[in-house]
Amino acid sequence: MRVLLLGGTTEGSALARAMAKAGQDAVLSLAGVTRAPRAQPLPTRIGGFGGVAGLVDYLRAERIGGVIDATHPFAARMTRNAAEATAITGMPLLRVDRPAWAMRPGWRSVASMAEAAEALGPVPRRAFLAVGRKDLAPFAASPWHDYLIRSIDAPPAELLPPRAALITATGPFALEDERRLLWERRIEIVVAKNSGGDATFAKLQAASELGIGVILLARPEGPPQIRTVPDARGALAWLHDLSATPAPGTERGA
Ligand code: NAP
């Protein structure tokens, strides 16, 4: 069975490697947001499908038999589209969704980046934004803060708030490096998404240790009733079960 793996995450890459190793017939799909994504050992296609209709066409044209959605917890549109398209085509869908980070004392949860920008308050502060370029715009409304922004690729200048310094880097980040970064840049507050997982947690651990406040964007709600596993291992088990189940109307081994 040919599987479409929607990636762009640590779990997606881990799963791509594991599926290639297992000889699974699969295509990895990336949105094309990162300019130079790390090569993965699966055939890879890049770019949007053109909404639900485009994805349905793709699934049929490429004779896909099942979809694994390992996109980021905040990639809500792709997750919704995958749920709708697999419901239309009647094929199995698995969501790989890492658990959210538990809130700690002194951390604040917000429902939007606009609320995060407002939560920085009226007094100028030195804020570390680890939020991705699509989420920078609201901070222009709070131009009195000093921002340190970290992203994989440099965001276009028009998206940057005034008083912004930029670091381009790709995780995972070591705890020691995060401690040094927050300390040397005299960061007073960290703004991030509640992405979960290990690869990007070190900045929050470092902030906790240094007594620095944290503002976390809460996750968007996903479509209900999708079979979900927390990691690549769970997805491999699902694939194994799926390949052992005969397709409707067929005899095993026929
Ligand atoms: P999104 O808002 O849910 O999706 C926007 C559109 O991008 C989708 O409608 C789809 O276009 C296309 N798209 C998204 N993921 C795709 C994939 N894996 N393959 C092909 N097309 C895809 O997604 P997003 O938040 O922009 O995230 C884009 C990618 O970056 C995802 O693959 C995600 O895993 C990764 N990522 C996102 C975040 C984040 O914070 N949002 C963080 C780390 C990594 P069409 O409608 O045209 O099909």
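The figures here come from the full heavy-atom set of this structure, side chains too, leaving out hydrogens, waters and symmetry mates. Keep in mind that this is a model prediction, so the values were computed, not measured. When a ligand or atom number is given, it counts from 1 through the structure's own listing order.
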Undergrad: In this structure, does ligand 1 have an atom that sits under 4.0 Å from one of the heavy atoms of Gly54?
TA: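 The answer is no: ligand 1 sits nowhere under 4.0 Å from a heavy atom of Gly54.
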Undergrad: For ligand 1, does Ala70 get within less than 4.0 Å through its side chain, its backbone, both, or neither, judged by non-hydrogen atoms?
TA: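 For Ala70, no heavy atom sits under 4.0 Å from ligand 1.
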Undergrad: Looking only at side chains, do Arg38 and Ser13 share a donor and an acceptor under 3.5 Å apart?
TA: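 Not at all, the side chains of Arg38 and Ser13 share no donor-acceptor pair under 3.5 Å.
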Undergrad: Using the ring of each side chain (for Trp, its six-membered ring), is His72 parallel, tilted or perpendicular to Phe74, with breaks at 30° and 60°?
TA: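 Tilted.
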Undergrad: So do the side chains of Leu204 and Leu216 get within less than 4.5 Å of each other, counting heavy atoms only?
TA: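 They are in side-chain contact.
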Undergrad: Consider ligand 1: state whether an atom of it lies below 4.0 angstrom from any non-hydrogen atom of Leu55.
TA: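 No, Leu55 has no heavy atoms under 4.0 Å from ligand 1.
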Undergrad: Who gets closest to atom 47 (O) of ligand 1 by heavy atom: Ala192, Gly171, Gly50?
TA: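 Looking at heavy atoms only, Gly50 sits closest to atom 47 (O) of ligand 1.
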Undergrad: Examine the proximity of ligand 1 to Thr34 and report which part, side chain or backbone, both or neither, has a heavy atom under 4.0 Å away.
TA: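 Neither part.
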Undergrad: Using a plain distance cutoff, I'd like to know if Met78 has any nitrogen or oxygen under 3.5 Å from a nitrogen or oxygen of ligand 1.
TA: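 For ligand 1, there is an N or O atom that lies under 3.5 Å from one belonging to Met78.
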Undergrad: Can an N or O of Thr9 be found at a distance shorter than 3.5 Å from an N or O of ligand 1?
TA: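 Between Thr9 and ligand 1, no N or O pair is found under 3.5 Å apart.
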Undergrad: Any salt bridge between Glu176 and Arg180, counting N to O under 4.0 Å?
TA: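 Salt bridge: yes.
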Undergrad: Could you see which bit of Thr71 sits under 4.0 Å from ligand 1, with heavy atoms only: side chain, backbone, both or neither?
TA: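 For Thr71, backbone and side-chain atoms both sit under 4.0 Å from ligand 1.
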Undergrad: Assess whether a salt bridge exists between Glu221 and Arg80, defined as any Lys/Arg side-chain N lying under 4.0 Å from an Asp/Glu carboxylate O.
TA: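 Salt bridge absent between Glu221 and Arg80.
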Undergrad: Could you check whether any heavy atom of Gly47 sits closer than 4.0 Å to an atom of ligand 1, since that is the contact criterion I want to use?
TA: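 Judged by the 4.0 Å heavy-atom criterion, Gly47 does count as contacting ligand 1.
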Undergrad: Please classify the Arg45 to ligand 1 contact at 4.0 Å (heavy-atom distances, strictly less than): side chain, backbone, both or neither.
TA: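 The side chain, only.
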Undergrad: Could you check atom 34 (O) of ligand 1 against the protein and tell me its nearest heavy-atom contact, residue, atom and distance included?
TA: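 Answer for atom 34 (O) of ligand 1: His72 N, 2.9 Å.
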Undergrad: Based purely on interatomic distance, does Thr79 place a nitrogen or oxygen under 3.5 Å from a nitrogen or oxygen of ligand 1?
TA: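 Between Thr79 and ligand 1 (N or O atoms, distance only) the closest approach is not under 3.5 Å.
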Undergrad: Can you tell which of Gly48, Gly51, Gly8 gets a heavy atom nearest to atom 46 (O) of ligand 1?
TA: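 Looking at heavy atoms only, the winner is Gly51.
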Undergrad: Determine whether Met1 and Ile64 fall in the same hydrophobic cluster, where Ile, Leu, Val, Met, Phe, Trp and Tyr are linked whenever their side-chain heavy atoms lie under 4.5 Å apart.
TA: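 In one cluster: no.
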Undergrad: Is there a heavy atom of Ala76 sitting under 4.0 angstrom from any atom of ligand 1?
TA: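 Per 4.0 Å heavy-atom rule, Ala76 contacts ligand 1.
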Undergrad: Output yes when Asp135 and Lys193 qualify as a salt bridge under the 4.0 Å nitrogen-oxygen rule, no when they do not.
TA: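 Yes, charged N to carboxylate O under 4.0 Å.
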Undergrad: Give a yes or no on whether a salt bridge exists between Asp97 and Arg95, defined as a side-chain N under 4.0 angstrom from a carboxylate O.
TA: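 Salt bridge: yes.
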Undergrad: Show your reasoning for whether side chain to side chain donor-acceptor pair (under 3.5 Å) applies to Ser29 and Arg45.
TA: CA-CA 5 Å; Ser29 176; Arg45 63 162 302 286; 2.7 Å; yes
Undergrad: Does the residue Arg80 have a heavy-atom contact with ligand 1, meaning some pair of atoms that are separated by less than 4.0 Å?
TA: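 No, Arg80 has no heavy atoms under 4.0 Å from ligand 1.
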